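On a predicted model such as this, the values are computed, not experimentally measured, just so you know.
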Amino acid sequence: MATQGSGRRPKYQRIADDLREAIQAGEYGPGDRLPGENDLMATYEVARMTARQALGVLQNEGLAESRKGAGVFVRDFKPLRRRGIQRLSRDQWGEGRSIWSADIEDRTLVVDQVQVSEATAPERISRVLGIEADASACVRRRRFVLDDKPVLLATSYLPADLVAGSAITQQDTGPGGIYARLAELGYKPVHFREEIRSRMPSQEEANRLQLSMGTPVIMICRTAFADEGRPVEVNEMVLDSAAYVLEYDFDA
């Protein structure tokens, strides 16, 4: 393996480059099995660890996935294009459409885990919502699965006294989701703020999103504001970074 400063990329990186180029050129299509460790060891005359590292690079980039006992395969998943502005338009939820419909086109989206409870909000949440530190919040936890692949974990917090008795406290919030129900309560969202960062997942997040080892997650924290700047929802989202393209399209 090349030493630092030699100007040469490490062998495992060069092997990964070759495999990546082959995938991009169509030599290996979605779902195809990539050369295994033994194949790479023979072709490139490298140790098993080097071959394993090369395949690991592609898995970390989201291009490939390991199937236990079968090998490493080209990932058969089209990245989800999250249209950050269009999806939150009132034309979406105000007409009874899910904000997800701006992202998924004709693909199949399932919310396979929904948990709704009332609990004391974490301090970081109560501070943003402007509620007392010991005040209750309606907490909605969901997992979103696209084409049979978990792609997003979302936890929404809303002031409990504001949404009490509404469909927001039920698992199924109805057409247009949370924002349509807030509008019916007189707290129509008129402004949104999103903060985005990236980090490595917790073990629980990695398990629930079925992430390959080394795959980071994207964190998006969205706050929805009603008239007069009143915050009505904080939504903390954990996204599989290999499953998403974040798109923001707006006029100059």
Side-chain angles (χ1 to χ4, degrees), residues 1-83 103-110 112-113 143-153 196-220 237-247:
M1 185 176 295
T3 58
Q4 185 175 5
S6 68
R8 298 188 64 197
R9 290 167 66 76
K11 285 184 179 179
Y12 76 90
Q13 288 283 7
R14 283 182 274 146
I15 297 171
D17 290 345
D18 288 348
L19 292 173
R20 188 186 305 104
E21 289 175 7
I23 293 171
Q24 294 170 347
E27 295 178 30
Y28 299 104
D32 286 350
R33 184 181 183 277
L34 293 172
E37 292 177 8
N38 290 338
D39 298 323
L40 296 177
M41 290 167 61
T43 300
Y44 290 92
E45 299 181 348
V46 295
R48 182 173 301 278
M49 181 56 66
T50 301
R52 187 172 298 169
Q53 286 178 302
L55 292 170
V57 168
L58 300 181
Q59 293 177 65
N60 292 344
E61 292 177 355
L63 291 175
E65 60 185 358
S66 176
R67 300 177 190 172
K68 191 172 183 179
V72 177
F73 295 77
V74 178
R75 193 174 186 185
D76 186 10
F77 183 83
K78 176 185 175 184
L80 179 62
R81 189 168 292 274
R82 184 183 188 273
R83 296 174 170 87
D103 303 337
I104 63 174
E105 300 172 340
D106 59 350
R107 302 168 74 182
T108 301
L109 173 74
V110 176
D112 76 332
Q113 296 176 6
R143 184 174 79 161
F144 294 79
V145 178
L146 185 69
D147 298 342
D148 298 321
K149 169 70 176 74
V151 294
L152 167 71
L153 307 175
I196 302 174
R197 63 188 180 91
S198 182
R199 62 166 171 79
M200 298 306 296
S202 67
Q203 188 60 58
E204 179 188 7
E205 291 166 345
N207 291 341
R208 293 185 66 197
L209 288 172
Q210 299 175 12
L211 300 177
S212 299
M213 185 174 295
T215 302
V217 291
I218 300 170
M219 298 287 300
I220 300 180
M237 293 163 274
V238 182
L239 291 68
D240 172 2
S241 63
Y244 274 90
V245 174
L246 305 185
E247 177 182 301

Stepwise side-chain contact (heavy atoms from CB on, under 4.5 Å) check, Leu55 with Leu19: CA-CA 9 Å; Leu55 292 170; Leu19 292 173; 4.0 Å; yes

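Ser241 is linked by a side-chain contact (heavy atoms from CB on, under 4.5 Å) to Thr215, Pro216, Ile218, counting only residues two or more places apart in sequence or in another chain. Thr43 is linked by a side-chain contact (heavy atoms from CB on, under 4.5 Å) to nothing, counting only residues two or more places apart in sequence or in another chain. Residues satisfying the side chain to side chain donor-acceptor pair (under 3.5 Å) test with Gln210, not counting sequence neighbours, are none. Not counting sequence neighbours, the partners of Asp17 by the salt bridge (charged side-chain N to carboxylate O under 4.0 Å, His left out) test are Arg9, Arg20. Every residue two or more places apart in sequence or in another chain was checked for a salt bridge (charged side-chain N to carboxylate O under 4.0 Å, His left out) with Arg197, and none qualifies. Applying the side chain to side chain donor-acceptor pair (under 3.5 Å) rule to Asp18 yields the partners Tyr44; only residues at least two apart in sequence or on another chain are considered. Residues that satisfy the side chain to side chain donor-acceptor pair (under 3.5 Å) test with Glu37, not counting sequence neighbours, are Arg48, Arg52. Here Arg143 pairs with Asp112 under the side chain to side chain donor-acceptor pair (under 3.5 Å) rule; sequence neighbours left out.
Between the CG atom in Asp240 and the CG atom in Leu153 there is a gap of 9.5 Å [rounded to 0.5 Å]. Here the CZ atom belonging to Arg8 is positioned 13.5 Å from the CD atom belonging to Gln13, to the nearest 0.5 angstrom.
A donor-acceptor pair under 3.5 Å links the side-chain atoms of Asp39 to the main chain of Gly36, judged by distance alone.
Legend: salt bridge (Lys or Arg N to Asp or Glu O under 4.0 Å) pairs involving residues 25-36, not counting sequence neighbours: none detected.
For Met200, the CE atom is densely surrounded, since the number of other residues' heavy atoms within 6.0 Å is greater than 12.
The pair Glu205-Arg199 counts as a salt bridge, with a side-chain nitrogen and a carboxylate oxygen less than 4.0 angstrom apart.
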